[in-house]
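Here is the structure we will look at, set down as structure tokens.
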Amino acid sequence: MRKSYKYRLYPNQQQKALIDKTLETCRWLYNYFLAERREKYEKEQKRVSYTYQQNSLPSLKETNPNLQGTYSQVLQDVAQRVKKAFRGFFLRLRNKTGKAGYPRFKSFGRYDSFTYSQNNNSYKLEQGKLRLSSISKVKIKLHRELEGEVKTCSIIVKNSKYYACFSSEVEPKLLPKTNKKVGIDLGLTSFLATSDKELKEAPKTYRKAEKRLAKAGRKVSRRVKKSKRRKKAVILLAKQHEKVSNQRKDLAHKLAKELVEKYDGIAYEKLAIKNMVKNKYLAKSINDAEVNAKNTSQICSECDKQKEQKLQLSQRKFTCSFCPYSDNRDINAARNILKRAEWVGSTLQGAVSMEAV
Ligand SMILES: [Zn+2]
């Protein structure tokens, strides 16, 4: 399957100028191809094909010297993009979904990426640099390993930052069966507790980000409505919110990967977990069971009796009134969740990852 890897690029001034120029050339060509197709359609209700446009590139280069410095594969990809835009247009037209609306021309600065569509030495990683045809060697930060067989490379410019995005063909990793099942509780006292008595804590940075989020929220509510200062605070809140949500996703992914490697079955609370999504990068058939979370923290996971006095939210420890069992409240809950699991449920092909609410 395809997996994409995005890395930050650090081009020098000269390289920046070349990348910007390539984007501008591609934008020009995109608009040119678009106009060509539009005209044909408006006058004759006919289509201009991708092959026709691609084949016209050499002669276009002769009459438009601005195209000459750009790598031909990159230009061909522009024709592909126009083709896709028109395919969408015709599809909307046929299905009469919403306003069909012509594909739009791209205004200055609105074309933010170009693609080397084949891996034939037009780009190559060499000792911390990415060598690009027609641009030269650009410094790249490979913060994680690039795996699989690289198929395409796109250069993206966003908010004046430069990135390389590789699309790579990756073999799914096969995980061995473990014949073990687990119950998990997204805890009050920890990020996640398992029926095997493991408590997974959120890293300090996450807790700190959560605190900053709460603070940003309070700031917004203090400020006068419609004031400039409030607007500013709202922007800050949105940023903080995104940070926390990204961190939580990362953490959930990491923990899910760990669990999937270790267990063949995962039971979880219906209410606490919104989505169990397939993680296509790990191949294993995993059983999952949605469990009704009612009273999982109030019942003893050892003797199944319900506590006489309700366990308050502030109480972190579960101590049974009937048997000698006592444990962390979330671990007790996780053990109950495992007990309640009915494994006849769906079988997911691939691993699971959780997204906490
Ligand atoms: Zn008990």
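Indexing begins at 1, ligand by ligand and atom by atom, following the structure's order.
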**Asked** Going through the distances and angles, do Tyr123 and Val150 end up as a side-chain contact (heavy atoms from CB on, under 4.5 Å)?
**Response** CA-CA 10 Å; Tyr123 56 91; Val150 177; 3.6 Å; yes
**Fill in**
Here the pair of heavy atoms bringing Pro176 nearest to Asp264 is O-OD1, 4.5 Å
**the Zn ion (ligand 1): protein N, O or S atoms that are less than 2.8 Å away, sorted by chain** = Cys300 SG, Cys303 SG, Cys320 SG, Cys323 SG
**Asked** With a 4.0 Å cut-off, would you call Arg27 and Glu24 a salt bridge?
**Response** yes
Listed pairs under 3.5 Å, donor-acceptor, residues 303-311 side chains, sequence neighbours left out:
{"residue": "Asp304", "atom": "OD1", "partner": "Lys339", "partner atom": "NZ", "Å": "2.8"}
{"residue": "Lys307", "atom": "NZ", "partner": "Thr319", "partner atom": "O", "Å": "2.5"}

**Asked** Nearest heavy-atom pair of Glu198 and Tyr263: which atoms, and what distance?
**Response** OE1-OH, 4.2 Å
**Request:** Over 60° means perpendicular and under 30° means parallel, so classify the ring planes of Tyr41 and Phe90, tilted if in between.
**Result:** perpendicular
